[in-house]
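Contents: one structure, followed by commentary.
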Amino acid sequence: MRKQIVELTDIPQDYTDFLKEVGYGSVGNAYFMFYEGLIEAEEIFDTEENEELNNVLLLGDNLSGDAVGFLTTDNWSIVEVWHEDLSIVLRKEKTFKQFVRNVFLKEM
């Protein structure tokens, strides 16, 4: 099993600012859950079924099994991991700030 080393300076600033200023927890009557910090995908998913998951650090989930995180090998793009087939799907938002806006507006 390959562990990646992430430099703290690589984590998007808007994400770290969000954690400091807003925090973590569920949003909109359990519409989305922001984690207390980034977690490796292997803590939730079987990364042997999709090894690219080793490049994903999760930031939250929709409380229905699908998670959202950063694809660290693609300039920290925001992606969804679908629990049905463990596929990684690029989200339309280009920044974490845009993603958060859509979460709070319930436009996910």
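Since the structure is predicted, the reported quantities are computational estimates derived from the model, not experimental observations.
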Before giving the answer on side chain to side chain contact (heavy atoms under 4.5 Å, CB included), spell out for Val68 and Val79 the whole-Å C-alpha distance, their side-chain angles and the decisive distance to 0.1 Å. CA-CA 6 Å; Val68 174; Val79 296; over 6 Å; no
So does Gly65 get a backbone contact from the side chain of Asp61, meaning a donor-acceptor N/O pair under 3.5 Å? no
Establish whether Val56 and Trp82 are linked, either directly or via other cluster members, by ILVMFWY side-chain heavy-atom contacts under 4.5 Å. no
Where Leu58 and Ala67 come nearest, the two heavy atoms and their spacing: CD2-CB, 3.8 Å
Tell me whether Leu86 shares a hydrophobic cluster with Leu63, the cluster being built from Ile, Leu, Val, Met, Phe, Trp, Tyr side chains joined at under 4.5 Å. yes
Ser77 and Asn75 side chains, donor-acceptor separation under 3.5 Å: no
Counting C-beta onward and ignoring hydrogens, is there a side-chain heavy-atom pair between Phe96 and Asp17 closer than 4.5 Å? no
Just do the side chain to side chain contact (heavy atoms under 4.5 Å, CB included) check on Asp66 and Glu84 with the steps written out, would you? CA-CA 8 Å; Asp66 302 319; Glu84 295 94 7; 4.0 Å; yes
Should the pair Lys106 and Tyr31 be classed as cation-pi, given the thresholds of under 6.0 Å to the six-membered ring centre and 45° from the axis? yes
Does atom CD (Gln13) have a neighbourhood of more than 12 heavy atoms from anything else shown, all under 6.0 Å? yes
Option passing side-chain hydrogen bond (donor to acceptor under 3.5 Å, both in side chains) with Asn102 (candidates Lys97, Glu93, Arg91): Glu93
dist Asn62:CG -> His83:NE2 (nearest 0.5 Å) comes out at 8.0 Å
Over all heavy atoms of both residues, which pair between Pro12 and Phe70 is shortest? Give the atoms and the distance, please. CG-CE2, 3.7 Å
Sole candidate of Tyr15, Phe18, Phe32, Phe104 that passes side-chain contact (heavy atoms from CB on, under 4.5 Å) when paired with Phe99: Phe32
So, taking the atom named CG in Leu59 and the one named CD in Glu36, what distance separates them when rounded to the nearest 0.5 Å? 13.5 Å
Could you walk me through whether Phe34 and Val22 satisfy the side chain to side chain contact (heavy atoms under 4.5 Å, CB included) test, starting with their C-alpha distance in whole Å, then the side-chain angles of each, then the deciding distance to 0.1 Å, before giving a yes or no? CA-CA 10 Å; Phe34 287 99; Val22 179; over 6 Å; no
Would you say the side chain of Leu71 lies within less than 4.5 Å of the side chain of Glu52, judging by non-hydrogen atoms? yes
Are Ile88 and Glu80 side-chain neighbours, meaning at least one heavy-atom pair lies under 4.5 Å? no
How long is the gap from OG1 on Thr16 to CD1 on Ile11, to the nearest 0.5 Å? 7.5 Å
When you measure from the side chain of Glu43 to the backbone of Ile39, do you find a donor-acceptor pair of N or O atoms at a distance under 3.5 Å? no
Between Asn55 (side chain) and Thr72 (backbone), is there a donor-acceptor pair under 3.5 Å? no
